[in-house]
A.B. asks: 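Can you keep this structure in mind? I'll have questions shortly.
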Amino acid sequence: MARITAGVASSHVPLLGVASDFNKDRDDYFGPIFAGYDWTREWEKAEKPDVIILVYNDHASAFDMKIIPTFAIGCGERYKSADEGWGPRAVPDVEGHPDLAWHIAQSLVLDEFDMTIINEMDVDHGLTVPLSMMFGKPDAWPCKVVPLAVNVVTYPPPSGNRCWALGEAVRKAVESFPEDLNVQVWGTGGMSHQLQGPRAGLINKEWDNMFLDGLVGDSDHLRRIPHIEYLRETGSEGIEMVMWLVMRGALGKKTRALHRHYHVPCSNTAIGHMVLRPDNGEGLDMTGSDTVTAIAAE
Amino acid sequence: MARITAGVASSHVPLLGVASDFNKDRDDYFGPIFAGYDWTREWEKAEKPDVIILVYNDHASAFDMKIIPTFAIGCGERYKSADEGWGPRAVPDVEGHPDLAWHIAQSLVLDEFDMTIINEMDVDHGLTVPLSMMFGKPDAWPCKVVPLAVNVVTYPPPSGNRCWALGEAVRKAVESFPEDLNVQVWGTGGMSHQLQGPRAGLINKEWDNMFLDGLVGDSDHLRRIPHIEYLRETGSEGIEMVMWLVMRGALGKKTRALHRHYHVPCSNTAIGHMVLRPDNGEGLDMTGSDTVTAIAAE
Amino acid sequence: MITEDPRHQDIHEYLAEMEDIPGTRVFTAKRARQGYHMNQFAMSLMKDENRARFKADERAYMDEWPLTEDQKLALLARDYNRCLDLGGNVYFLAKLFSTDGLPFAEAVSTMTDMEFPEYRAMMMAGGRSPEGMRSIRANEAAAAAKKEDR
Amino acid sequence: MITEDPRHQDIHEYLAEMEDIPGTRVFTAKRARQGYHMNQFAMSLMKDENRARFKADERAYMDEWPLTEDQKLALLARDYNRCLDLGGNVYFLAKLFSTDGLPFAEAVSTMTDMEFPEYRAMMMAGGRSPEGMRSIRANEAAAAAKKEDR
Ligand SMILES: [Fe+3]
Ligand SMILES: [Fe+3]
């Protein structure tokens with residue numbers, strides 16, 4: 001039986017991809033950001049996940065205005081890195097897991113999620129930057145990926161509640177997949193950022209950290225945060241955090257945090273990163289990082 | 001305020017489009033089929049709907065295997081007739097109603113339907129044949145259309161319950177649209193047919209008529225029919241009837257039938273057609289056809 | 001009619017039921033994956049220029065697609081049951097019916113054990129009855145019971 | 001934090017709230033429709049050959065798209081606030097940032113009242129505070145109350 005062994009949350013700022021690709025990841029600016037992922041890289045080497053269900057949003061790369069799916073699941077064999085205007089990132093192709101992806105897609109439709117199935121697409125920084133952050137620069141990504149793209153560009157995106165419920169249904173689907181697979185769910189995007197207009201550059205450390213706190217334990221209050229609160233409190237692009245709720249929903253009733261990292265700034269954005277374990281009697285190794293990286297600039 | 005004044009159900013067999021386009025609609029074969037729509041054509045002239053929300057499925061025309069949306073709503077300005085392999089049908093372009101369509105799309109997402117928004121696509125016989133059946137051959141269609149495409153090709157399609165619930169949410173969305181519009185919802189496809197394999201040609205009159213009966217009145221038992229029952233009882237393509245449930249769900253608790261027509265065969269298919277009024281105190285004209293067209297071949 | 005709420009049915013049970021219908025291939029993920037390129041090939045025939053190229057040299061046109069040899073042979077032979085077995089879907093294959101100028105019902109009839117006139121007569125007489133065509137398992141159980149009786 | 005279940009919120013209330021955020025254009029249907037071709041134009045710059053053609057003659061390239069004159073002028077001027085007002089979305093416009101070789105943060109800073117060095121310094125110091133930036137209505141009410149006080 002496949003099982004979800006961990007949830008990983010991470011911002012997916014495109015500049016992090018640039019820093020990684022051009023070896024700037026340990027300079028003064030990026031060093032403190034990447035340092036917060038060092039623990040996770042070591043941990044991932046030990047975890048050896050077979051598949052990542054990677055919840056992200058497309059940033060006008062695979063989907064233009066002709067077609068806007070709310071929830072799209074990638075069931076293809078492989079995905080290439082998208083050309084976002086400066087040529088594709090020089091990262092390995094992303095290998096899919098069509099068996100698991102189709103199983104999840106079919107199961108989700110039975111559970112009344114109105115999925116869009118995607119068999120061919122390119123994937124942008126929303127998906128490839130988290131892979132770089134967690135795995136560095138291997139010749140091939142060490143696991144397969146099921147892309148789960150959420151619309152957070154054209155309004156309204158799905159509600160936080162719907163995202164959480166999708167995560168719950170993903171968990172059920174994974175657990176009914178007969179093959180023995182170690183599956184992680186990643187929620188990406190966020191945290192505070194606004195990329196547009198006179199209010200650009202907005203950052204709300206208190207709110208972001210309240211959100212990180214809320215991912216841990218057995219409360220589900222985060223699912224009831226309305227969109228307007230993300231926008232008012234964390235900037236117009238802070239809405240991406242609803243994607244973390246898919247990951248959180250997939251971990252079951254209770255979670256424990258193994259690692260946490262928060263840093264401001266990266267470009268226009270607050271970086272948040274967290275590694276969570278489901279804590280519902282699964283009996284997983286709960287060894288965490290010794291230190292929680294301090295909140296920058298405090 | 002916009003309001004839903006009627007629901008129309010109809011098969012959408014491509015051959016009916018051919019019969020209409022090549023003036024065979026009153027010959028021995030097609031005459032009894034088209035005769036069952038005569039009442040409706042007169043009735044539609046009096047009703048003058050402003051917009052049809054037309055629930056149909058794409059038959060590998062707009063959507064190939066690359067992308068398969070469960071529920072897609074057309075928010076574009078206009079749609080051309082698709083070339084399904086013998087050139088596009090010579091019918092007028094279909095004019096959209098982007099104001100209403102976007103309003104419905106946004107409202108449905110808030111109500112936790114995971115819609116795919118489509119701004120550009122061609123529409124196939126699933127959408128244009130019902131227009132021909134209800135309106136004949138005008139130079140321009142007499143109303144605007146909001147296409148609502150449901151996946152019934154790749155399994156699983158949405159459940160009957162989900163389709164019915166979508167209809168309920170469509171009703172709510174229409175009623176919150178400020179402009180004064182006369183809106184009909186059409187459910188198309190069906191009834192009994194199987195287009196593949198040694199079992200092709202299957203027709204189940206009893207089941208089809210039980211389904212027609214179930215659309216009338218205040219019972220919602222049809223929403224709980226599982227997919228397997230459609231397939232076993234009415235053929236593999238009988239599953240298209242789930243689309244009628246979107247229409248039925250949009251009519252509220254209770255309905256009354258104004259007109260009913262059933263005929264076998266048209267090509268491989270049983271033709272079913274029904275005109276329904278919502279009957280929840282809306283105070284609509286309940287004048288129906290004098291006769292219910294007899295079940296053919298009985 | 002089953003009135004039990006079908007939501008949250010297990011996907012394995014759901015898919016198993018879909019394989020229990022006589023003479024029917026339900027277009028599940030398994031078939032959608034197997035027939036991916038065959039269906040995409042068929043869909044390409046929606047364009048006039050592709051139809052012309054296909055008609056000029058069927059084999060050469062199909063060689064441009066990553067089809068298996070079996071799929072190509074089934075398509076060349078217009079063996080639609082075989083196409084279904086290899087992952088074809090009738091709505092996609094219908095683009096080939098149209099390219100051939102074959103009426104839909106006639107193309108469909110080639111998948112049955114009837115010639116088209118006989119198939120057409122069956123349809124005129126009310127179509128194929130669902131009796132005995134609902135479930136492979138039920139048919140097998142009935143046959144076994146009958147054998148027992150003797 | 002509001003913990004009321006946000007489901008089934010009325011779409012009109014929802015959209016009205018989205019217009020209540022200072023210095024922010026939320027990409028609602030209204031904007032998506034207004035900016036449709038501007039965003040599709042921007043997206044076309046994902047292809048190398050299109051970028052080259054655009055760079056060679058921006059005006060000529062844009063004339064191939066059904067853009068309004070206002071949209072073309074805003075794009076030519078790289079006036080991104082104006083682009084947003086005309087229905088642009090930043091993720092689409094970002095293809096133009098990239099085509100220009102402009103770092104994302106620098107392009108974003110042009111929409112604020114700061115020069116890039118000042119904007120960068122603000123980000124290094126922890127970013128823009130949300131205080132007083134949450135609600136146009138709340139700001140107006142506060143201003144009115146203050147006026148009353150005097
Ligand atoms: Fe993002
Ligand atoms: Fe159909």
Side-chain angles (χ1 to χ4, degrees), chain B residues 13-15 18 29 58-61 64-66 68 82-87 153-156 159-162 192-205 207 210 214 221-229 231-237 264-270 296-298, chain C residues 1-7 9 11 14-15 17-18 20-29 32 36 39-40 42-43 45-48 51 80-81 84 89-92 94-99 101 103-105 108-109 111-114 119 122-130 133-135:
Chain B
V13 186
L15 192 61
V18 178
Y29 188 86
D58 180 75
H59 304 77
S61 304
D64 62 9
M65 291 305 295
K66 285 184 196 166
I68 307 166
D83 182 342
E84 300 183 54
W86 60 85
V153 175
T154 304
Y155 274 70
S159 69
N161 183 64
R162 186 67 177 166
S192 287
H193 61 311
Q194 172 146 344
L195 304 179
Q196 52 130 327
R199 192 175 176 253
L202 187 134
I203 301 285
N204 190 336
K205 284 179 194 136
W207 202 97
M210 175 282 300
H221 64 280
L222 296 183
R223 73 193 295 171
R224 285 180 289 277
I225 302 172
H227 292 161
I228 187 68
E229 182 171 334
L231 274 73
R232 289 199 202 280
E233 295 292 337
T234 72
S236 48
E237 278 61 60
V264 175
C266 176
S267 184
N268 307 282
T269 306
E298 283 208 335
Chain C
M1 183 191 312
I2 302 166
T3 51
E4 192 193 329
D5 192 331
R7 276 183 295 174
Q9 191 183 9
I11 184 68
Y14 178 94
L15 295 173
E17 279 182 336
M18 294 295 155
D20 183 48
I21 308 173
T24 304
R25 289 83 151 186
V26 180
F27 195 61
T28 53
Y36 191 86
N39 291 320
Q40 292 292 85
M43 192 133 178
L45 299 177
M46 288 175 71
K47 291 212 179 83
D48 218 4
R51 287 194 288 267
Y80 288 116
N81 273 322
L84 293 177
N89 174 280
V90 70
Y91 291 127
F92 289 83
K95 316 307 180 197
L96 184 51
F97 306 169
S98 305
T99 301
F104 205 96
V108 166
S109 75
M111 294 180 258
T112 70
D113 59 359
M114 299 177 194
Y119 180 83
M122 173 184 76
M123 293 314 299
M124 290 305 292
R128 185 187 302 280
S129 165
M133 302 292 283
R134 291 184 171 94
S135 164

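Chain naming here is simple, since letters A, B, ... match the order of the sequence lines and numbering starts at 1 in each.
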A.B. asks: Quick check on C:Met122 against chain B: is it the side chain, the backbone, both or neither that has a heavy atom closer than 4.5 Å?
C.D. replies: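 Contact with chain B: side chain only.
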
A.B. asks: Chain B heavy atoms under 4.5 Å from C:Gln40: which part of the residue, side chain, backbone, both or neither?
C.D. replies: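 Contact with chain B is through the side chain of C:Gln40 alone.
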
A.B. asks: Between B:Asn268 and C:Tyr119, do the side chains contain an N or O donor and an N or O acceptor separated by less than 3.5 Å?
C.D. replies: yes

A.B. asks: Quick check for you: to the nearest 0.5 Å, what is the distance between C:Phe27 atom CZ and B:Gln196 atom CD?
C.D. replies: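 Answer for the CZ-CD pair, C:Phe27 versus B:Gln196, is 10.5 Å.
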
A.B. asks: Should the ring pair C:Tyr91 and B:His59 be called parallel, tilted or perpendicular, given that the plane angle runs from 0 to 90° and is split at 30 and 60?
C.D. replies: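 Geometry flag for B:His59 against C:Tyr91: perpendicular rings.
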
A.B. asks: Please look at B:Ser61 and chain C and tell me whether the side chain, the backbone, both or neither of the residue comes under 4.5 angstrom of a heavy atom of that chain.
C.D. replies: both

A.B. asks: Measure the spacing between CH2 of B:Trp86 and NZ of C:Lys95 and express it to the nearest 0.5 Å.
C.D. replies: 7.0 Å

A.B. asks: Among the options C:Ala105, C:Ala29, C:Gly127, pick out the one with the most heavy-atom pairs lying under 4.5 Å from chain B.
C.D. replies: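 Most heavy-atom pairs under 4.5 Å with chain B: C:Ala105.
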
A.B. asks: Counting only heavy atoms closer than 4.5 Å, note whether C:Ser129 contacts chain B via side chain, backbone, both or neither.
C.D. replies: backbone

A.B. asks: Non-hydrogen atoms of chain B under 4.5 Å away: do they reach the side chain of C:Arg51, the backbone, both or neither?
C.D. replies: side chain

A.B. asks: Of all the heavy-atom pairs spanning C:Pro130 and B:Leu202, show the shortest one and how long it is.
C.D. replies: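 Residues C:Pro130 and B:Leu202, closest heavy atoms: CA-CD1, 3.6 Å.
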
A.B. asks: Pick one of side chain, backbone, both or neither for C:Met43, based on which atoms fall under 4.5 Å of a heavy atom in chain B.
C.D. replies: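 Only the side chain of C:Met43 comes within 4.5 Å of chain B.
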
A.B. asks: Apply the test side chain to side chain contact (heavy atoms under 4.5 Å, CB included) to residues B:Leu231 and C:Glu17: give CA-CA distance (whole Å), side-chain angles for both, the deciding distance (0.1 Å), then the verdict.
C.D. replies: CA-CA 10 Å; B:Leu231 274 73; C:Glu17 279 182 336; over 6 Å; no

A.B. asks: Quick check for you: to the nearest 0.5 Å, what is the distance between C:Met133 atom CE and B:Gln194 atom CD?
C.D. replies: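 With rounding to 0.5 Å, CE (C:Met133) is 7.5 Å from CD (B:Gln194).
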
A.B. asks: For C:Phe92, is it the side chain, the backbone, both, or neither that has a heavy atom closer than 4.5 Å to a heavy atom of chain B?
C.D. replies: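 Both the backbone and the side chain of C:Phe92 come within 4.5 Å of chain B.
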
A.B. asks: CZ of C:Arg134 to CD1 of B:Ile228: how many Å apart, nearest 0.5 Å?
C.D. replies: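 With rounding to 0.5 Å, CZ (C:Arg134) is 12.0 Å from CD1 (B:Ile228).
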
A.B. asks: Hey, could you give me the NE2/CZ distance between B:His193 and C:Arg128, rounded to the nearest 0.5 Å?
C.D. replies: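 Here the rounded value is 15.0 Å.
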
A.B. asks: Measure distances from C:Ser135 to the heavy atoms of chain B and classify the residue's part below 4.5 Å as side chain, backbone, both or neither.
C.D. replies: both

A.B. asks: Could you tell me the separation between the OG1 atom of C:Thr112 and the CZ atom of B:Arg199, rounded to the nearest 0.5 Å?
C.D. replies: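 C:Thr112 atom OG1 to B:Arg199 atom CZ measures 13.5 Å (nearest 0.5 Å).
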
A.B. asks: Kindly give the heavy-atom pair with the smallest separation between C:Thr24 and B:Ser236, and that separation in Å.
C.D. replies: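 Residues C:Thr24 and B:Ser236, closest heavy atoms: CG2-CB, 3.9 Å.
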
A.B. asks: Under a 4.5 Å heavy-atom cutoff, which of C:Val90, C:Ile21, C:Asn39 has the most pairs with chain B?
C.D. replies: C:Ile21

A.B. asks: Checking C:Leu45 against chain B: side chain, backbone, both or neither under 4.5 Å from a heavy atom?
C.D. replies: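 C:Leu45 touches chain B through backbone heavy atoms alone.
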
A.B. asks: With a 4.5 angstrom heavy-atom cut-off, is it the side chain or the backbone of C:Ile11 that approaches chain B, or both, or neither?
C.D. replies: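 Only the side chain of C:Ile11 comes within 4.5 Å of chain B.
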
